[in-house]
Amino acid sequence: MATRSSVPSGPTRPPLLSPRDLSGCEHRLALDSRFPGSEKVAEDPAVTLRKEAAAEHRERVRDMLHAVHSIELSGWADVGSGGGSRQRAERTMAAISSGARWIWGASLPDDEAGGRRGWAELLIRMDDPHRKPGYVPVIVVNHKASDPGSGAVTSPVWSWQPMLDETRKVRGNSRDTVRLAQLYRMLEALDVAGVDPGTGKPVGAVIGLDTDCMVVLDLTDTLVRYDALLERRAGIAAGRVSTAPSRIGECRNCAWWSKCGPELREARDVSLVVNGNLTQLLATVGVRTVDELAAYDGPVPDGWPGNSLDDSILLARAWLAQVTLIRRMPEVQVARADVEVDVDMESYQDDGAYLWGTLLTDNTDPSRAVRYRPFVTWQPLPTQDEARSFAEFWQWLIGERDKALSEGKTFAAYCYSQQAENRWLLGSADRFAGSPGVPSRETVQEFINSPHWVDIYEAVSVNFLSPEGKGLKKVAPHAGFHWRDDEAGGEASMQWYRRAVGRDGEDVDQSQRVRLLEYNEDDVRATKALREWMTTTAAQQVPLGSDLPRPAAVPVHDEVRPGQD
């Protein structure tokens with residue numbers, strides 16, 4: 001694994017902080033600031049893919065806005081193309097000085113006094129008869145900024161006209177609000193910050209995947225929280241505020257994990273078996289190590305969610321015993337049926353679901369071969385052809401269900417972690433409503449709520465605990481299943497898909513289509529293998545959690561270590 005240098009490069013001034021420095025792991029910021037001369041580490045492919053998708057989305061929004069404002073080209077300025085950040089900042093300030101109404105690709109000059117740097121996809125000029133003109137920041141993000149509901153304030157993309165929207169609610173995102181607050185403070189430092197003419201309040205806006213509007217956010221309270229956050233993060237970057245490593249979700253793709261991981265294992269840190277938020281609650285009762293948690297018999301920490309403290313204690317004992325999977329109960333239970341269909345869906349970003357893979361097993365008819373059947377479109381998403389492949393999948397699935405029930409057989413369709421499948425089942429019904437063979441949303445919801453739709457991830461969660469997690473690729477090997485492709489995974493499949501459909505302007509790579517189909521087939525076969533293993537031999541192979549040895553009592557620490565946000 002590539003590692004960063006562990007030798008400081010010498011005294012340097014605290015770096016200017018970007019919005020990224022204000023979000024996520026505090027210890028990462030401390031290490032980045034302490035070792036500014038560290039060797040470069042190859043970017044994780046998943047991160048690269050997300051950046052490419054975000055750049056594509058920004059370009060689409062830019063083209064849309066330019067077309068919308070083409071009738072008023074005198075008020076539109078695109079300053080984001082060509083040159084470095086200094087040149088873009090100079091062009092941005094020139095556009096502001098000229099009174100441009102819409103400034104795309106704005107890069108603000110570094111705020112040396114405030115310790116900030118940042119850029120905005122868009123600045124919009126606010127004209128108010130009671131004060132001088134100013135600008136508000138608008139950011140473009142590659143995720144939804146709103147959901148169906150009510151209470152959001154939105155504005156059309158062709159004009160600044162904020163009003164209450166009774167069809168949308170804000171989808172909160174702390175990274176977005178922090179970035180808007182940073183940009184607003186930078187505009188204030190330049191004495192060009194604007195306020196909403198209607199309310200007189202500091203505002204910003206977000207254009208998400210729902211590109212038909214801007215979601216307008218009142219920054220009044222956000223700016224107060226932002227100022228406190230910036231002060232703390234600046235202290236961390238300067239070395240005035242201490243931090244400590246703690247395992248969180250961000251660690252999976254962090255270049256510093258090669259340094260933090262061994263430190264945490266040597267310290268037997270409790271974050272190795274519980275998530276970041278829970279480590280803070282455990283710290284309030286003095287529990288900082290896996291050993292302390294494994295032996296803990298004190299009160300439940302204030303704010304602890306549900307009744308999961310016993311599970312966390314068992315996970316700690318499993319970690320100490322070097323056991324990667326334990327049973328919760330003596331008997332392992334999972335729903336089975338005469339006719340079983342395993343389902344796995346493949347999607348690309350938020351563009352659509354291009355593949356529904358199925359595996360049919362008729363346990364009452366051995367002569368009926370277990371067969372993998374994919375329903376796929378290879379037209380680049382988004383495409384209307386997705387309606388065809390989804391409709392064919394749905395009609396086949398419901399046909400097999402109806403056939404089984406008419407023959408007096410029981411039926412179940414299985415997936416692993418239904419959140420993704422449910423999203424695209426319902427989303428496809430909504431997007432392609434009225435297309436031939438596409439069911440109504442109500443029909444899909446009825447199926448999801450029925451006993452015929454079974455989530456094996458939920459069954460695994462009911463029956464087992466694992467300090468390594470309960471993802472399919474973590475659990476299925478216990479059932480003896482292994483994927484044909486060592487690189488198989490959700491993020492890798494995104495890259496395979498791009499090549500499979502020629503998304504980057506290159507020739508279609510047929511071998512990547514085969515690779516995707518094999519990966520999808522392995523996923524449904526893994527779900528089948530796991531279910532059958534749970535029914536037959538799991539209880540004999542997996543140790544019962546209550547049988548794990550309970551360590552002797554370990555004195556807990558009184559002090560609480562520095563926290564992670």
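Positions are given from 1, in the same order as the sequence printed here.
Side-chain contact check for Val501 versus Trp496: every heavy-atom pair is 4.5 Å or farther apart. Side-chain contact between His57 and Gln349: absent, with no pair of heavy atoms (C-beta onward) separated by less than 4.5 Å. Here the side chains of Val140 and Leu122 are not in contact, with every heavy-atom distance at 4.5 Å or above. Between Pro137 and Leu187, the closest side-chain pair of non-hydrogen atoms falls below 4.5 Å. Between Leu278 and Leu281, some side-chain heavy-atom pair lies under the 4.5 Å cut-off. The shortest distance between side-chain heavy atoms of Thr284 and Gln280 does not fall below 4.5 Å. Contact annotation: the side chain of Ser246 never approaches that of His27 to less than 4.5 Å [non-hydrogen atoms, C-beta and beyond]. Here the side chains of Val270 and Val274 are in contact, with some heavy-atom distance below 4.5 Å.
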- Tell me, with the steps shown, if Leu223 and Arg185 meet side-chain contact (heavy atoms from CB on, under 4.5 Å). CA-CA 8 Å; Leu223 288 167; Arg185 286 294 191 226; 3.5 Å; yes

- CA sep, side-chain torsions, deciding dist, call: Leu272, Trp319, side-chain contact (heavy atoms from CB on, under 4.5 Å): CA-CA 9 Å; Leu272 293 170; Trp319 189 89; 3.7 Å; yes

- Would you sort out whether Glu26 and Arg232 count as a salt bridge (Lys or Arg N to Asp or Glu O under 4.0 Å), showing the intermediate values? CA-CA 10 Å; Glu26 291 186 341; Arg232 175 174 174 82; 2.7 Å; yes

- Task: Step by step, work out the salt bridge (Lys or Arg N to Asp or Glu O under 4.0 Å) result for Lys259 and Glu263.
- Result: CA-CA 7 Å; Lys259 180 181 189 306; Glu263 292 179 6; 2.7 Å; yes

- Item | Evaluation steps, side-chain contact (heavy atoms from CB on, under 4.5 Å), between Cys415 and Thr527 | CA-CA 7 Å; Cys415 66; Thr527 308; over 6 Å; no

- Message: As a quick check of understanding, evaluate side-chain contact (heavy atoms from CB on, under 4.5 Å) for Leu180 and Thr222, giving each step before the final call.
- Response: CA-CA 9 Å; Leu180 285 172; Thr222 299; over 6 Å; no

- Working for salt bridge (Lys or Arg N to Asp or Glu O under 4.0 Å), residues Arg515 and Asp485: CA-CA 8 Å; Arg515 198 177 193 183; Asp485 195 321; 2.6 Å; yes

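Taking a cutoff of 4.0 Å between a charged side-chain nitrogen and a carboxylate oxygen, Lys201 and Asp221 do not qualify as a salt bridge. A salt bridge between Arg247 and Asp269 is absent, with no side-chain N of the basic residue lying under 4.0 Å from a carboxylate O of the acidic one. Residues Asp291 and Arg268 are paired through a salt bridge, judged by an N-O separation under 4.0 Å between the basic side chain and the carboxylate. The residues Arg179 and Glu121 are annotated as salt-bridged, a charged nitrogen and a carboxylate oxygen being separated by less than 4.0 angstrom.
In this structure, the side chain of Ser23 does not engage the main chain of Arg20 through any donor-acceptor pair within 3.5 Å. Judged by distance alone, with hydrogens and angles left aside, the side-chain atoms of Glu250 form a donor-acceptor pair with the main-chain N or O of Cys25 at under 3.5 Å. When atom types are taken as modelled, the side chain of Asn463 and the backbone of Ala459 share a donor-acceptor pair closer than 3.5 angstrom. Remark: side-chain polar atoms of Glu421 are paired, donor with acceptor, to backbone N or O of Met345 under 3.5 angstrom. Panel note: side chain Arg503, backbone Leu381; a donor-acceptor pair is recorded below 3.5 Å. A donor-acceptor contact shorter than 3.5 Å is absent between the side chain of Arg317 and the backbone of Leu548. Remark: side-chain polar atoms of Asp21 are not paired, donor with acceptor, to backbone N or O of Leu29 under 3.5 angstrom. Using a distance-only test at 3.5 Å, with no hydrogens or angles considered, a donor-acceptor pair links the side chain of Arg327 to the main chain of Val542.
The two residues Lys473 and Tyr519 come nearest to each other via the heavy atoms NZ-CE1, 3.7 Å. Across all their heavy atoms, Pro162 and Val216 have their closest contact at CB-CG2, 4.2 Å. Contact between Tyr184 and Val203 at its shortest, heavy atoms only, is CD1-O, 3.8 Å. Residues Leu65 and Val157 share a closest heavy-atom pair of CD2-O, 3.7 Å. When all heavy atoms of Ile207 and Met214 are compared, the closest pair comes out as CG1-CG, 3.5 Å. Listed here is the closest heavy atom pair of Gly545 and Leu314: O-CD2, 3.4 Å.
Side chains of His143 and Asp176: a donor-acceptor N/O pair is present below 3.5 angstrom, by distance only. A donor and an acceptor atom, one from each side chain of Ser308 and Asp311, are nowhere located under 3.5 Å apart. Between the side chains of Gln512 and Gln495, no donor-acceptor pair is found at a separation under 3.5 Å. Side chain to side chain, Gln182 and Tyr226 meet the donor-acceptor criterion of an N or O pair below 3.5 Å.
Gln87 CD: more than 12 foreign heavy atoms inside a 6.0 Å radius. Annotation for Asp302: atom CG does not count as buried by contact number, only 12 or fewer foreign heavy atoms lying within 6.0 Å.
Here CG of Asp78 is found 8.5 Å from CZ of Arg91. Values are rounded to the nearest 0.5 Å. To the nearest 0.5 angstrom, Asn277 atom CG is 12.0 Å from Ser271 atom OG. With rounding to the nearest 0.5 angstrom, the OH atom of Tyr416 is 5.5 Å from the CG atom of Leu472. If you take CG on Asp110 and CZ on Arg86, they are separated by 8.0 Å, rounding to the nearest 0.5 Å. Note that the CG atom of Leu16 and the CG atom of Asp111 stand 8.0 Å from one another [nearest 0.5 Å]. Atom CG of Asp227 sits about 9.5 Å away from atom CG of Leu229, to the nearest 0.5 Å.
With sequence neighbours excluded, the residues forming a salt bridge (charged side-chain N to carboxylate O under 4.0 Å, His left out) with Asp522 are Arg484, listed by chain and number.
Between Tyr135 and Trp102, the ring centre distance reaches or exceeds 6.0 Å. Taking the six-membered ring for Trp and the full ring otherwise, the centers of Tyr348 and Tyr354 sit at least 6.0 Å from each other.
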Side chains of residues 144-154: which donor-acceptor partners sit under 3.5 Å, not counting sequence neighbours?
unit_1: Ser146; atom_1: OG; unit_2: Asp210; atom_2: OD2; d: 2.5
unit_1: Asp147; atom_1: OD1; unit_2: Arg171; atom_2: NE; d: 3.3
unit_1: Asp147; atom_1: OD1; unit_2: Arg171; atom_2: NH2; d: 2.8
unit_1: Asp147; atom_1: OD2; unit_2: Arg171; atom_2: NE; d: 3.0
unit_1: Thr154; atom_1: OG1; unit_2: Asp165; atom_2: OD2; d: 3.0

